[in-house]
Number of protein chains: 2
Amino acid sequence: MYQHTEKHLVAIDCIIFGFEKGSLKLLLVKRKLEPCSGEWSLMGGFLFEKESLDESASRVLNQLTGLKNVYLHQFHAYGDISRDPADRVISVAYFALIKISEHDHNLVREYDARWFSYDDKPVLIFDHDTMVASALEQLRFEAKTRPVGFELLPEKFTLPQFQSLYECIYQKKLDNRNFRKSILASGILKKLDEKDRAGSKKGAWLYRFDKEKYQELLTKGFRFNLTISD
Amino acid sequence: MYQHTEKHLVAIDCIIFGFEKGSLKLLLVKRKLEPCSGEWSLMGGFLFEKESLDESASRVLNQLTGLKNVYLHQFHAYGDISRDPADRVISVAYFALIKISEHDHNLVREYDARWFSYDDKPVLIFDHDTMVASALEQLRFEAKTRPVGFELLPEKFTLPQFQSLYECIYQKKLDNRNFRKSILASGILKKLDEKDRAGSKKGAWLYRFDKEKYQELLTKGFRFNLTISD
DNA sequence: CCAAAAGTGTTATCGCTACACCCATGA
DNA sequence: TCATGGGTGTAGCGATAACACTTTTGG
């Protein structure tokens, strides 16, 4: 309908975060396309004609992990002319928070993908390193403001695990007494009658995110707000 | 280079904020294109082949205002399939903060554009109302965290003006003693030897944003942070 | 019984919030 | 002289940050 206007390639790139064994991880794929074939990159794909940006991001993520209904957050569009040396491509970046244990290992193997600890990830192609840095920044903001940490943990988790997750996200040791106090005070954790003995002999109580309670509190004007100082 | 992939129309839309006579304003244009010709919309335009997204936003903004080097902030990409009933268009939204007094009135007239108070803006086409709401949310975040308010004021401004701006952005009355205290304490305002007598008989002292001081403070770990409670 | 991780309260400080009156001036 | 908006200080309270020891249990 709109005539005489140039069209562009539009891509989606996903920064896929996970958390395992006390460290924040990224799922990266070995690129199979020229240019830069064989190098590490974010999982991505081109936008189709009849899907929205969000749908496209879900599809791309699903291709690699087999997961649906994952936490996905669009955070920036990248459009420098030569960001991809092969062609002019606009890329819309999303970050995803997934529970590592639930993803499909076979798909990951097929794609030549691998989980890297955030701290020793390889250098990525194009502007993907910038995207990753920006995604972490966004994640930090979200994690303070909304209860998104749970997306990275199993259904049942312990407080030491939860704290360790936050320590990874903010690259900062936190005081366990203060941390427990504030998260428990928020009232959105349900304590279970089970312990996890994987981490210690004594065992740590398992908790679950109480989604109903959270929704209820929201209607009362409650705002999730874990204070993490710089 | 990348074969067999669909290309898309990519547009830029600008939410243009201004501040005048104690109210937050939006610059809107009367659309000249079908569909929805004659209705109010955001200023926008299609992305060209050889310009980045940021450059495109600057160009679009410059077309309507004649201004360059304006504060522009990309905040979201909109990509629902039918957001524009005429065609599939991906739109990358930016918000701009401009000093109303400095823009080019003739251009605005040519474009059939008009400044509206935020509170009585008309209903906009497509998803532009959503964009505006989201832009204000982003502006609120930015204004707490970074000294961006100055972009909306003349070079010289008074503290009552400055406070009034913040009251507009947050739709909330603020305590003048507390507000003055915190902004002055930050040390980024330079008091001038001049008064503005437009607002009152007594006159109010003029200030200027001290950019050098701000840069210097940044290097010392200072972070701008006006606390505005909900 | 020892090592290793889980769990638990209190205190001081700082920052936010609330609050009311005098000042300068032009009309 | 009066009406209008500009400018000023303090005290109480709540939230944050700092801090160390006891508990449990498997090996």
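Each chain gets a letter, A, B and so on, in the order the sequences are listed, and its residues count up from 1. A quick note: this is a predicted structure, and the numbers were derived from the prediction, not measured. Side chains are part of it too, since the values below use all heavy atoms of this structure and drop only hydrogens, waters and symmetry mates.
B:R31 and B:D112 are not joined by a salt bridge, as no carboxylate oxygen comes within less than 4.0 angstrom of a charged side-chain nitrogen. Of the charged side-chain nitrogens involved, at least one lies within less than 4.0 Å of a carboxylate oxygen, so that A:K220 and A:E216 count as a salt-bridged pair.
No donor-acceptor pair under 3.5 Å is formed between the side chain of B:N225 and the backbone N or O of B:T145.
B:S229 comes within 4.0 angstrom of the backbone, heavy atoms only, and of no base.
The nearest whole Å value for the distance from the NZ atom in A:K173 to the P atom in D:dC19 is 16 Å. In this structure, B:K144 places its NZ atom 14 Å from C1' of C:dC16, rounding to the nearest Å. Rounding to whole angstrom units, CZ of residue A:R197 and P of C:dG7 are separated by 11 Å.
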- For each nucleotide in nucleotides 4-15 of chain D, reading 5' to 3', give B when a protein heavy atom comes within less than 4.0 Å of its base, S when such contact involves only the sugar-phosphate, and - otherwise. -BBBBBB-----
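Remark: A:K195 qualifies as a cation-pi partner of A:W205 under the 6.0 Å distance and 45° angle criteria applied to the six-membered ring. By the 6.0 Å and 45° rule, B:R114 stacks over the aromatic ring of B:F116.
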- Message: For a side-chain contact (heavy atoms from CB on, under 4.5 Å) check, start with the C-alpha distance between B:L26 and B:F95, then their side-chain angles and the critical distance, and finish with the verdict.
- Response: CA-CA 10 Å; B:L26 277 176; B:F95 69 86; over 6 Å; no
